[in-house]
K.L.:
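Mind having a look at this structure? Questions to follow.
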Amino acid sequence: MKGMGMMPESRRKPMSEINVVPYIDVMLVLLVIFMVTAPMLTQGVKVDLPQTSSDPIQADKDVEAIIVSVDSNGAYYVEVGDRGSDPMALEELQSEVAKILSQRSNSEILVRGDEQVRYGTVVRLMSALQMAGAANIGLITEAPLDKP
């Protein structure tokens with residue numbers, strides 16, 4: 001008869017395997033969450049771009065573009081990468097772009113103007129961007145729907 005409180009005859013070996021099933025479950029739950037929330041993260045300003053048939057601008061992949069938008073109501077927006085802004089006045093936009101250009105002097109500036117915006121609004125925007133320190137300003141357009 002074995003004594004009470006003594007060690008059993010067969011000793012337990014340390015477990016050398018890791019159970020990965022809980023980690024896989026967590027990974028699948030996170031994957032589903034990201035797949036559902038990713039489409040909701042896209043932001044932007046609704047702008048109806050003028051249509052034209054021009055060659056695309058060859059953008060430098062290493063340089064992040066600063067996109068300045070004007071919507072149909074004449075409100076200005078600044079987008080850097082995937083970070084957008086709230087509507088702002090022209091003077092506020094000028095100081096914001098000047099701050100960005102002081103940190104990233106080689107950034108490209110692209111203007112996206114709604115088709116319904118008056119020409120003078122876009123010209124004033126481009127003038128403000130030049131005063132903020134922009135050397136080159138590009139215009140974003142869409143290709144015409146009825147391409148030959």
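What you see below is based on every heavy atom in this structure, not just the backbone, and it leaves out hydrogens, waters and symmetry mates.
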K.L.:
Hey, does Q94 have a side-chain heavy atom less than 4.5 Å from the side chain of L90?
P.N.:
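They are not in contact (no side-chain heavy atoms under 4.5 Å apart), so the answer is no.
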K.L.:
Indicate yes or no: at least one non-hydrogen side-chain atom of I137 is less than 4.5 angstrom from one of L110.
P.N.:
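No, side chains not in contact.
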K.L.:
Please tell me whether V123 and L139 are part of a single hydrophobic cluster in this structure, the criterion being side-chain heavy atoms less than 4.5 Å apart.
P.N.:
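No, separate clusters.
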K.L.:
Taking C-beta and beyond as the side chain, do E79 and I66 meet within less than 4.5 Å on heavy atoms?
P.N.:
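E79 vs I66: side chains apart.
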K.L.:
For the backbone of N73 and the side chain of D71, can you confirm whether one donor and one acceptor N or O come within less than 3.5 Å of each other?
P.N.:
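Yes: the side chain of D71 pairs with the backbone of N73.
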K.L.:
Report yes if the side chains of V111 and I67 come closer than 4.5 Å at any heavy-atom pair, otherwise no.
P.N.:
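Side chain of V111 against side chain of I67, heavy atoms only: no contact under 4.5 Å found.
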K.L.:
I'd like to know if the side chain of T37 and the backbone of I33 have a donor-acceptor N/O pair within less than 3.5 Å.
P.N.:
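Indeed, once roles are kept as given, a pair shorter than 3.5 Å links the two residues.
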K.L.:
With a 4.5 Å limit on heavy-atom distance, are the side chains of D114 and V70 in contact?
P.N.:
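Not touching, per the 4.5 Å side-chain cut-off.
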K.L.:
How long is the gap from NZ on K99 to CG on L101, to the nearest 0.5 Å?
P.N.:
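So the gap between those two atoms works out to 12.5 Å.
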K.L.:
Would F34 and V26 show up in the same hydrophobic cluster when neighbours are defined by side-chain heavy atoms closer than 4.5 Å?
P.N.:
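Same cluster: F34 reaches V26 through Ile, Leu, Val, Met, Phe, Trp or Tyr contacts under 4.5 Å.
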K.L.:
At what distance, to the nearest 0.5 angstrom, does CE of M126 lie from CE of M131?
P.N.:
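These two atoms lie 13.0 Å from each other.
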K.L.:
If you define the side chain from C-beta out and look only at heavy atoms, does anything of Y76 sit under 4.5 Å from V97?
P.N.:
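No, their side chains stay 4.5 Å or more apart.
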K.L.:
Does a sphere of radius 6.0 Å around CD1 in I18 hold more than 12 heavy atoms from other residues, nucleotides or ligands, not counting ones at 6.0 Å or beyond?
P.N.:
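At most 12 heavy atoms, drawn from other residues, nucleotides or ligands, come within 6.0 Å of this atom.
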K.L.:
How far does OH of Y77 sit from CG of D86, to the nearest 0.5 angstrom?
P.N.:
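So the gap between those two atoms works out to 8.0 Å.
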